[in-house]
Enquirer: 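Questions regarding the structure given below will be posed in turn.
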There are 2 protein chains.
Amino acid sequence: MKVLIVEDDPLHRSYLHEAVNAALPECDTVIEAENGTVGEKLARDHKSAHIVMDLQMASRNGIEAARTIWKERPETRILFWSNYSDEAYVRGVSRIVPDGAAYGYVLKSASDERLKLALRSIFIESQCVIDREVRGLQQKSLGQTNGFTDSEYEILVDIALGLTDRAIAKRRGLSLRSVQNRLQQLYDKLDVYQAAGDDHEDGRFNLRARAVAVAFLRKLLNYSALERAEAEVQEWLDGLHESPRDRHRRRVRT
Amino acid sequence: MKVLIVEDDPLHRSYLHEAVNAALPECDTVIEAENGTVGEKLARDHKSAHIVMDLQMASRNGIEAARTIWKERPETRILFWSNYSDEAYVRGVSRIVPDGAAYGYVLKSASDERLKLALRSIFIESQCVIDREVRGLQQKSLGQTNGFTDSEYEILVDIALGLTDRAIAKRRGLSLRSVQNRLQQLYDKLDVYQAAGDDHEDGRFNLRARAVAVAFLRKLLNYSALERAEAEVQEWLDGLHESPRDRHRRRVRT
DNA sequence: CAACAAGCTGCGGGTTTCCGCAAGACGGCG
DNA sequence: CGCCGTCTTGCGGAAACCCGCAGCTTGTTG
């Protein structure tokens with residue numbers, strides 16, 4: 001049995017290496033990658049079936065890497081080992097895990113014991129192991145209790161990127177008004193009205209900008225989510241008008 | 001000589017402990033703290049003069065902790081040891097360092113050798129040691145080459161928090177128009193106009209929101225900067241009108 | 001089928017943002 | 001002193017945002 005470790009930090013990497021050796025005597029080779037890019041490459045070269053992956057790496061983050069790996073071989077077992085339980089990460093992961101795949105999500109703050117248990121459960125027993133703390137978020141985010149719908153999350157990302165209502169409408173195939181409806185419902189859930197028009201017109205917030213700030217503070221968004229979204233939107237923008245030639249064709253509107 | 005280590009991650013903590021022992025034979029005691037809060041407390045109790053501090057900790061981040069420590073004893077020597085060289089961190093640090101204090105900023109990716117050298121330089125020789133990569137940012141941020149003025153940075157933070165123009169004007173003691181001037185100048189520097197109305201009038205960006213997004217992507221802002229700013233603005237809001245009585249929330253505006 | 005909930009859409013209008021234009025205010029420099 | 005550059009402020013208007021109201025399509029349930 002072979003295990004691939006993908007992790008930025010050399011300290012954590014060697015710690016993982018030891019943990020794998022200790023927890024899995026049946027493992028004969030351990031390979032290491034120091035970022036997502038080489039992680040993908042090694043996974044492909046070695047046809048890795050067992051991977052421990054850090055989220056949040058400089059070159060190419062864990063979610064990106066996992067996505068392409070799973071795309072090529074959906075039965076790969078991946079244990080995500082992360083510092084944070086931001087909702088943005090949790091959502092990002094559960095968005096890309098293939099049906100029936102065995103995977104895990106363990107926090108770096110977990111004990112040695114817990115980590116080893118997770119390694120065995122996933123790699124040997126093919127069971128999913130999700131850290132309790134993470135699990136809580138997942139429930140919230142999938143169920144609708146106090147959580148966010150996918151459509152709400154979508155629009156949150158869109159305004160975080162700085163798109164206008166009109167642009168969002170076009171991107172998502174909605175009318176302008178529908179976009180604004182979704183925005184209202186987002187503002188509602190984020191409780192943006194709190195100090196906005198409450199006391200007086202003095203200390204007012206710009207709802208749109210405030211929503212993004214609150215989402216960040218609540219860790220619904222984080223850097224890597226924004227980064228991914230930015231890449232997607234750029235792609236969309238580029239594909240929007242393939243022919244730079246016929247731009248004069250449609251001039252009149254309204 | 002005593003050294004205080006303030007660091008979240010147990011692995012990194014013990015690594016630091018070893019590094020200190022190896023680099024500083026004259027050091028007889030090493031104390032450890034696992035977050036900013038107990039870091040402050042230990043620093044006070046032991047009157048620590050030599051501290052190694054992680055930025056980015058859960059309970060109370062390194063900048064906060066360093067600020068209160070320096071406030072009590074400005075001659076304390078602090079070596080910041082961080083994963084990132086985000087401009088937001090660099091700016092945050094150089095904002096709080098007292099005149100003439102010896103401090104350092106070393107990245108976690110640096111070699112053992114570099115770390116040990118930095119430890120000796122700062123704690124023994126009282127010299128400032130700034131990582132080359134970080135240094136670059138600092139130049140940019142203090143000098144005006146392609147960097148941001150304090151006033152621009154201020155307004156960036158304000159819109160990131162979601163304040164309206166009017167609120168910003170009141171907060172900073174400016175007229176509405178001046179605020180908007182600064183915004184324009186910010187938009188200019190952030191190059192927000194790039195794909196906005198450039199090629200076609202369809203996919204437009206909301207400048208205000210876009211500026212925040214770009215700033216995040218360029219790491220001019222990050223979570224901890226936002227968190228600090230949020231605390232400040234809340235404080236300001238509270239102090240604004242002394243009657244916290246009618247705190248009842250209403251969503252209907254008459 | 002009726003009744004109801006949930007979502008999309010258009011309309012209208014109040015507020016905010018974005019910004020060109022122009023009139024001061026302040027400081028440096030020949 | 002006049003000239004110039006930078007910063008501020010007011011005015012006015014086009015565009016964007018925020019949102020109540022009402023009509024329309026779905027899908028569900030009894």
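Atom set for the values below is all heavy atoms of this structure, side chains included, hydrogens, waters and symmetry mates excluded. Per chain, numbering begins at 1; letters A, B, ... match sequence-line order. The structure presented is a predicted model; accordingly, all values stated were derived computationally and were not measured.
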Enquirer: Name the pairs: protein N/O against N/O of nucleotides 21-26 of chain D, kept only if under 3.5 Å.
Expert:
none

Enquirer: Rounded off to whole Å, could you give me the CZ-to-C1' distance for the B:R172 and D:dC7 pair?
Expert: 17 Å
Enquirer: Going by the rule salt bridge (Lys or Arg N to Asp or Glu O under 4.0 Å), which residues pair with B:E72 if we only count those two or more places apart in sequence or in a different chain?
Expert: B:R44
Enquirer: Give the intermediate values and the outcome of side-chain contact (heavy atoms from CB on, under 4.5 Å) for residues B:D191 and B:V214.
Expert: CA-CA 9 Å; B:D191 203 21; B:V214 170; over 6 Å; no
Enquirer: Can we say A:E87 and A:R218 salt-bridge, meaning some charged N sits less than 4.0 Å from an Asp/Glu carboxylate O?
Expert: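 No, this pair does not count.
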Enquirer: Distances under 3.5 Å between protein N/O atoms and the N/O atoms of nucleotides 13-16 of chain C, please, pair by pair.
Expert:
from   : atom 1 : to     : atom 2 : distance (Å)
C:dT16 : OP2    : B:R166 : NH2    : 2.9

Enquirer: For a quick check, tell me whether the side chain of A:Q180 and the base of D:dC19 share a donor-acceptor pair closer than 3.5 Å.
Expert: yes
Enquirer: Kindly state which residues belonging to residues 153-160 of chain A come within less than 4.0 angstrom of DNA chain D, counting heavy atoms of the residue only, listed by number.
Expert: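 Close to the strand, none.
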Enquirer: Please determine whether a side-chain nitrogen or oxygen atom of B:S175 lies at a distance below 4.0 Å from atom OP1 or OP2 of D:dT8.
Expert: no
Enquirer: Mind checking salt bridge (Lys or Arg N to Asp or Glu O under 4.0 Å) for A:R177 and listing every partner two or more places apart, or none if nothing turns up?
Expert: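 In terms of salt bridge (Lys or Arg N to Asp or Glu O under 4.0 Å), with neighbours along the sequence ignored, A:R177 is linked to no residue.
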Enquirer: Considering only residues two or more places apart or on different chains, which pairs with a residue in residues 73-83 of chain A satisfy side-chain hydrogen bond (donor to acceptor under 3.5 Å, both in side chains)?
Expert: A:R77-A:S126
Enquirer: Please determine whether a side-chain nitrogen or oxygen atom of A:R182 lies at a distance below 4.0 Å from atom OP1 or OP2 of C:dG7.
Expert: no
Enquirer: So, are B:R182 and B:E152 salt-bridged, with charged N and O less than 4.0 Å apart?
Expert: no
